[in-house]
Each structure stands twice: as structure tokens, then as C-alpha cells.
Amino acid sequence: MTTATIPMTNKKPVRRGFPSLPCIRCGNTDGNVRLDLDDVDTFNCVECDEQFTAGDVRDFIGQWKAVLAWIDAAPVVAE
């Protein structure tokens, strides 16, 4: 009878996630924003202890989209 073996490697596990995603409340980029798995909509920042929802993130991004669209529409000035 032969025994199966699992080949072992010295590779470090690949890091997963979003390590530098900033909190929309305090701006901390440590990646310590947690998602509540009970409702999959509420986030909590470990740094500032503020809660926000996916809707809050969409609103935050939406405000910047308007500014970026305005910038993209600005005429190019020849030097």
C-alpha cells in the first residue's frame, strides 16, 4: 500500500483583498474597513469607528464623477 503525499512548497501565501482602500469618512488607507456580513451593505472603519453603507460609497464616488466629467470637458489650451 502506498501513501499519498502532498507536495510542500516554501511559497508565501498570496495576499488577497484591498489593502490600501481608504475609508470614505477619515481617509485611513490601512485597509481596516470591515463589511458587515449580516446585511452585506454596512461598512465599519476600524480607525475612526464610523459606519457607512454601500449607498454612501456610491454617493461619494458620484460627487467625484461629476467633477471628473467637468475636468474632461475643459478645453485644451495650446501653449
Colleague: Could you report the tightest heavy-atom contact between D56 and T53, atom names first, then the distance?
Modeller: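 So the two residues come closest at OD2-N, 2.8 Å.
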
Colleague: Could you tell me whether the side chain of C45 reaches within less than 4.5 Å of the side chain of R25, counting heavy atoms only?
Modeller: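 No, too far: nothing below the 4.5 Å cut-off.
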
Colleague: Roughly how far apart are I24 CD1 and E50 CD, rounded to 0.5 Å?
Modeller: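 One gets 10.0 Å once the value is rounded to the nearest 0.5 Å.
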
Colleague: Just verifying a value: how many Å separate K65 NZ and R58 CZ, rounded to the nearest 0.5 Å?
Modeller: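 K65 atom NZ to R58 atom CZ measures 10.5 Å (nearest 0.5 Å).
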
Colleague: Partners of D49 by side-chain contact (heavy atoms from CB on, under 4.5 Å), sequence neighbours excluded?
Modeller: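 side-chain contact (heavy atoms from CB on, under 4.5 Å) list for D49, sorted by chain: N44.
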
Colleague: Please round to the nearest 0.5 Å and tell me the distance separating atom SG of C23 and atom CD of E47.
Modeller: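 It comes to 9.0 Å.
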
Colleague: In chain order, what residues pass the side-chain contact (heavy atoms from CB on, under 4.5 Å) check against T29, with sequence neighbours excluded?
Modeller: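 Per chain and number, T29 pairs via side-chain contact (heavy atoms from CB on, under 4.5 Å) with P22.
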
Colleague: With a 4.5 Å cut-off on side-chain heavy atoms, are F52 and V33 touching?
Modeller: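 A side-chain contact exists here, since the closest heavy-atom pair is under 4.5 Å.
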
Colleague: Are the side chain of D30 and the backbone N or O of N32 linked by a donor-acceptor pair below 3.5 Å?
Modeller: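 Pair absent, no side-chain N/O of D30 close to backbone of N32.
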
Colleague: If hydrophobic clusters are built by linking Ile, Leu, Val, Met, Phe, Trp and Tyr wherever their side-chain heavy atoms come under 4.5 Å apart, do V40 and V57 end up in the same one?
Modeller: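 In one cluster: yes.
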
Colleague: Taking all non-hydrogen atoms of both residues into account, name the closest pair between D41 and L35 and its distance.
Modeller: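 Looking at all heavy atoms of both residues, the closest pair is N-CD1, 3.9 Å.
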
Colleague: Quick one: side-chain contact (heavy atoms from CB on, under 4.5 Å) partners of W64, sequence neighbours excluded?
Modeller: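 In terms of side-chain contact (heavy atoms from CB on, under 4.5 Å), with neighbours along the sequence ignored, W64 is linked to F60, V67.
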
Colleague: Any link between I61 and L21 through a network of hydrophobic side chains (Ile, Leu, Val, Met, Phe, Trp, Tyr) touching at under 4.5 Å?
Modeller: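 In one cluster with I61: L21, no.
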
